[in-house]
Amino acid sequence: MIEPYPLSRRSVLVQVAASFAFLATRPAFAEADETAQAIREFTGGAKITPGKVSIEVAPLVENGNSVALAVAVESPMTVDHHVKTIALFNEKNPQPQIARFHLSPRSGTSRVETRIRLATTQHITAIAQLSDGSFWSQEVEVIVTIAACTEE
Amino acid sequence: MANALLDLPKTARKGEVIKITTLVSHLMETGYRREISGAVIPRLIIHTFTCRYDGEEVFRAELFPAMAANPLIAFSTIATKSGPISFTWVDDAGITLTESVDLVVTD
Amino acid sequence: MLRLRIILTFLLGVVPGGAITRADDIAPKDRRSGFDMMSAETQAMQKNDLANPAMLWVREGEALWSTPPEGGGQACSGCHGEARISMKGVAARYPVFDASAGTAIDLAGKIQQCQVERQKASPWPRESKPLLSMSSYVGLQSRGTSIVPAHYKGTTEAASRGKALFNRRVGQLNLSCANCHDDNWGQKLGSAVIPQGHPTGYPIYRLEWQGMGSLQRRMRNCMTGVRAEPYAYGAPEWIELELYLMQRAAGLTLETPAVRP
């Protein structure tokens with residue numbers, strides 16, 4: 001990799017960046033079917049309809065160790081019609097589950113905020129189980145960039 | 001597990017929806033990291049968080065290693081009557097942290 | 001580990017040495033905190049005390065402030081009263097010259113000194129949770145104040161040694177701090193933006209660490225990044241570097257406790 005001519009600092013940095021781009025596409029840890037399996041466990045195999053759920057998350061994050069995320073579900077949150085559970089799944093962390101939030105008519109809203117870890121660029125799925133037993137979902141992609149000058 | 005920061009109003013009108021933000025200090029060790037020696041660092045995370053208010057559990061979260069360290073969880077509840085709102089975090093070591101805040105509810 | 005090794009191998013491969021011109025120091029009007037180079041999400045995390053995990057450490061520091069040490073000494077509050085008043089502005093002018101030690105001392109070192117000399121207690125080790133918590137709590141009392149122009153009596157020499165260290169090429173990569181932080185700030189290293197390297201927010205909550213760390217820990221990361229052997233915690237070189245960094249950051253606002261990626 002020795003260049004035949006001296007590089008300026010700026011071009012060195014550009015090349016370092018190129019090596020990162022390569023790294024970002026390295027194979028991920030978890031298998032997509034593990035995620036599918038975890039989702040099936042949660043729904044008991046019931047049909048999941050895209051919609052009603054919205055995930056708010058930055059499309060690109062600086063560090064996957066702490067990614068702010070909010071989920072909200074369209075629901076009147078009454079005794080008869082409310083969100084029972086919101087479950088979050090990832091695609092490429094070592095384990096597909098992230099969290100399950102249990103709500104009730106006493107929640108008032110169906111919005112939950114948290115911070116999660118993402119090992120690499122991947123999709124996140126939020127699935128809501130409503131009081132009528134139906135399941136609704138949304139999936140978003142988050143691009144995770146990597147910090148420089150870390151420890152070891 | 002050491003301490004928690006809680007943000008919620010001190011007073012609310014009956015029927016009002018209040019937002020509660022909780023932040024707790026915890027490493028949330030995933031169980032997937034290794035020491036320099038190669039030994040796996042055992043998992044040690046908060047696995048359950050619950051909020052109780054007015055005689056009932058009003059919110060519960062089951063957490064996995066994909067939750068960020070020092071977990072933040074924000075949710076809402078309807079103000080029903082004056083009294084304590086309690087928050088409990090339980091980790092893999094069986095350590096439990098409970099905090100409680102009084103809410104004054106006006107008609 | 002793998003990630004860093006690859007980036008370093010890469011740098012090693014392409015840096016034949018020489019051919020790098022040094023830019024000038026950053027003009028005061030161009031000085032910008034690392035905060036400005038973070039994503040909106042990370043900025044939001046720092047700006048909101050209820051979302052900033054560093055506040056968990058601050059709260060612990062607050063509790064320690066009024067807790068007497070083992071051995072019967074007085075609590076910090078016993079001599080210093082309310083930190084809000086007695087510690088205001090302190091972090092914005094450290095490190096200072098310490099006559100008894102005959103050398104410059106940083107804020108964490110000063111806290112340790114009070115523990116030993118005034119509380120007759122054993123000092124919290126560098127990078128320990130209580131010392132970081134107390135440093136954050138004391139630091140918070142200066143949040144929003146300007147870093148005071150760094151012409152401390154007796155510290156000028158130490159600061160110029162710090163400047164020399166900042167400009168000295170080190171490590172297998174043969175890079176100086178200035179090569180990145182003076183010459184290439186605003187550029188990207190991998191996906192990280194190179195900041196100007198100002199000490200405005202310390203101790204910080206770094207997402208990469210998933211916890212709190214000192215300026216010395218942050219600088220260590222940069223030194224291992226260029227494959228140089230970092231100085232030991234508390235070493236005079238760190239204090240000298242910090243003194244120079246404070247001079248270089250004069251006029252910027254203290255943000256402790258900051259969040260960084």
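Reminder, nothing fancy here: chain letters follow the sequence lines and each chain counts from 1.
- Neither the backbone nor the side chain of Ala44(C) comes within contact range of chain A; no heavy atom of the residue lies under 4.5 Å from a heavy atom of that chain.
- Side-chain contact annotation: Gln196(C) with Asp30(C), donor-acceptor N/O pair under 3.5 Å absent.
- Listed options Arg220(C), Glu41(C), Met45(C) were ranked by heavy-atom pairs under 4.5 angstrom with chain A; first place goes to Met45(C).
- No part of Met223(C) comes within reach of chain A, as not one of its non-hydrogen atoms sits under 4.5 angstrom from that chain.
- Using a 4.5 Å cut-off between heavy atoms, Ala58(A) contacts chain C through both its backbone and its side chain.
- Side-chain contact annotation: Gln129(A) with Thr43(A), donor-acceptor N/O pair under 3.5 Å absent.
- We find that Glu255(C) and Arg260(C) are joined by a salt bridge, their nearest charged nitrogen and carboxylate oxygen being less than 4.0 Å apart.
- Judged purely by distance below 3.5 Å, without hydrogens or angles, the side chains of His82(A) and Ser75(A) never pair a donor atom with an acceptor atom.
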